[in-house]
Amino acid sequence: MAVHGTAVIHPSAFVEDGATVGADCHIGPFAVIGPEVVLGDRVMVKSHAVITGWTELGDDCTVWPFACVGEVPQDLKFKGERTRLVVGARTRIREGATLNTGTEGGGGVTRVGDDCLIMTGAHVGHDAQIGDRVILVNHVAIAGHCVLGDDVIVGGLSGVHQWVRIGQGAIIGALTMVTNDVIPYGLVQAPRGELDGLNLVGLKRRGVDRAEIAALRAAYQTLAQDDGSFQDRARKLAEESDLPLVREIAEFILAKSDRSFLTPKGGR
């Protein structure tokens, strides 16, 4: 066990031999830290939280009571192989949230980026790849193998089907089931997940200027209404636009995926 001399560990906490605890960490009452856990500097683990498995938390993370971080996957194919969970810096994991390690067949690593907020009761499944500044609102369920880009927000009580990709800057409304890929900066809502425009509020908050937003709206209309298949329209955008945000959407659509896409209302 390697515990930095400045770490504060409550007498009732259980830190197993082999764990690494960084400088100025605080581990609260009845918390459990497993033998393969690595905590960066200034990590705060509140009372009754469990961090186990081959798990790494970056600097300045906070884990709230009754969260379970690094347990084995909820996958019947998992046979005890040694797999990992890596969480970036400054990520906040709220009460009762669960984050699982990866599986051998899925690449072996579940990743959560920097500055994320995993709210109460949310779940991050095995082999998921979560970008930076992602917000999972209360009781969101991210299934295995999902990929969420930077700045994604998933509204409360929503579920994301396994293997789904959600592009950077997209927003998913509350009480939504997402079964297909979501384009970057897309707005998805309704119980069965319909692509209903662009995340204009998010784009404005990022400081995207009016001209770029107008170009994105025109690109969205091309995806919704032009001739040809959805992929044909994306190829047209890739060929005709020099705007990075438009090209990002086109390249996302044209990339390899295990799912189909949510298409704009009226699109095919």
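Heads up: numbering here begins at 1 and tracks the sequence. Hydrogens, waters and symmetry mates are skipped; everything else that's a heavy atom, side chains included, is used.
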Go through the steps for Glu71 and Asn100 under the test side chain to side chain donor-acceptor pair (under 3.5 Å), then give the verdict.
CA-CA 5 Å; Glu71 260 297 358; Asn100 292 165; over 6 Å; no

Please evaluate residues Arg233 and Asp226 with respect to the criterion salt bridge (Lys or Arg N to Asp or Glu O under 4.0 Å), reporting the C-alpha separation (whole Å), side-chain torsions for both, the decisive distance (0.1 Å), and the verdict.
CA-CA 7 Å; Arg233 301 170 203 169; Asp226 258 27; over 6 Å; no

Derivation and outcome, side chain to side chain contact (heavy atoms under 4.5 Å, CB included), residues Val15 and Ile27
CA-CA 9 Å; Val15 180; Ile27 300 177; 4.0 Å; yes

May I have the step-by-step check of side chain to side chain contact (heavy atoms under 4.5 Å, CB included) for Val43 and Asp59, ending in yes or no?
CA-CA 6 Å; Val43 172; Asp59 296 345; 5.9 Å; no

Starting from the C-alpha separation in whole Å, work towards a yes-or-no answer on ring pair (Phe, Tyr, Trp, His ring centres under 6.0 Å) for His145 and His126.
CA-CA 6 Å; His145 312 284; His126 59 85; 4.8 Å; yes

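Connection of Leu187 to Leu203 is not established within any shared hydrophobic cluster, with ILVMFWY side chains joined at heavy-atom distances below 4.5 Å, either directly or through further cluster members. Leu200 and Ile249 end up in the same hydrophobic cluster when Ile, Leu, Val, Met, Phe, Trp and Tyr side chains are linked at under 4.5 Å. Hydrophobic cluster membership is shared by Leu262 and Phe230, with clusters built from Ile, Leu, Val, Met, Phe, Trp and Tyr side chains linked at under 4.5 angstrom. A continuous path of ILVMFWY side-chain contacts below 4.5 Å connects Val246 to Phe261, so both sit in one hydrophobic cluster. Residues Ile253 and Ile166 fall within the same hydrophobic cluster, defined by Ile, Leu, Val, Met, Phe, Trp and Tyr side chains chained together at heavy-atom separations under 4.5 Å.
Inter-residue side-chain proximity for Thr98 and Val124 is flagged as unmet; no heavy-atom pair is nearer than 4.5 Å. Looking only at side-chain heavy atoms (C-beta outward), Val3 and Ile9 come within less than 4.5 Å of each other. Between Met119 and Leu117 the shortest side-chain heavy-atom distance falls below 4.5 Å. At a threshold of 4.5 Å between non-hydrogen side-chain atoms, the residues Val45 and Ile51 count as touching. For the pair Thr179/Met177, a side-chain contact is recorded, criterion being any heavy-atom separation below 4.5 Å from C-beta on. Under the 4.5 Å side-chain criterion, counting only non-hydrogen atoms from C-beta, Tyr185 is not in contact with Ile171. The shortest distance between side-chain heavy atoms of Ser158 and Leu175 does not fall below 4.5 Å. In this structure, the side chains of Ile153 and Ile172 stay at 4.5 Å or more apart for every pair of heavy atoms.
For the pair Thr91 (side chain) and Ile118 (backbone), a donor-acceptor distance under 3.5 Å is absent. Between the Glu81 side chain and the Lys79 main chain, a donor and an acceptor come within less than 3.5 Å of each other. Using a distance-only test at 3.5 Å, with no hydrogens or angles considered, a donor-acceptor pair links the side chain of Gln129 to the main chain of Val109. For Thr55 (side chain) and Thr52 (main-chain N/O), a donor-acceptor pair under 3.5 Å exists by modelled atom type. At least one donor-acceptor pair closer than 3.5 Å links the side chain of Asp181 to the backbone N or O of Arg165. Using a distance-only test at 3.5 Å, with no hydrogens or angles considered, no donor-acceptor pair links the side chain of Ser47 to the main chain of Pro29. Between the side chain of Thr120 and the backbone N or O of Asn138, no donor-acceptor pair lies under 3.5 Å. A distance-only check finds a donor-acceptor pair linking the side chain of Thr176 to the backbone of Ala174 [under 3.5 Å].
Listed by chain and residue number, nothing satisfies the salt bridge (charged side-chain N to carboxylate O under 4.0 Å, His left out) test with Arg92 (two or more places apart in sequence, or in another chain). Take Asp132 and apply the salt bridge (charged side-chain N to carboxylate O under 4.0 Å, His left out) test, not counting sequence neighbours, and it matches no residue.
Expressed to the nearest 0.5 Å, how far OG of Ser241 lies from CG of Leu216 amounts to 8.5 Å. Here the CG atom belonging to Leu148 is positioned 4.5 Å from the CD1 atom belonging to Ile130, to the nearest 0.5 angstrom. Considering NZ of Lys236 and OG1 of Thr222, their distance stands at 5.5 Å, rounded to 0.5 Å. How far CG of Leu136 is from SG of Cys116: 7.5 Å, rounded to the nearest 0.5 Å. Note: Gln162 CD to Asp127 CG = 12.0 Å, rounded to the nearest 0.5 Å.
Inspection of the Gln74 and His123 side chains reveals an N or O donor paired with an N or O acceptor under 3.5 Å. A donor atom on one side chain and an acceptor atom on the other are not found under 3.5 Å apart for Asp151 and Gln168. A donor-acceptor pair shorter than 3.5 Å cannot be found between the side chains of Asp75 and Thr103.
The heavy-atom pair separating Ile33 from Ala19 by the smallest distance is CG2-CB, 4.0 Å. Contact between Arg235 and Asp232 at its shortest, heavy atoms only, is NH1-OD1, 3.0 Å. For the residue pair Arg259 and Ser257, the shortest heavy atom distance occurs at N-OG, 3.1 Å. Scanning all heavy atoms of the two residues, the minimum distance from Val134 to Gly131 falls at CG2-O, 3.6 Å. Between Gly156 and Val137 the shortest heavy-atom distance is N-CB, 3.5 Å. Shown here for Leu195 and Gly186, the closest heavy-atom pair between the two residues is CD1-CA, 4.0 Å.
In this structure, Arg84 satisfies the cation-pi test against Trp54, with its NZ or CZ atom closer than 6.0 Å to the six-membered ring centre and inside 45 degrees of the ring normal.
In summary, of the residues considered (Asp24, Asp60, Thr6), a side-chain hydrogen bond (donor to acceptor under 3.5 Å, both in side chains) with Arg42 occurs for Asp60 alone. The only member of Phe66, Phe14, Trp64 that meets ring pair (Phe, Tyr, Trp, His ring centres under 6.0 Å) when paired with His48 is Phe66.
Here Arg247 does not pair with Asp242 in a salt bridge; the nearest charged N to carboxylate O distance is not below 4.0 Å.
Residue Glu104 places its CD atom among 12 or fewer non-hydrogen atoms of other residues, nucleotides or ligands, all under 6.0 Å distant. Around atom CZ of Arg90, more than 12 heavy atoms belonging to other residues, nucleotides or ligands sit under 6.0 Å away.
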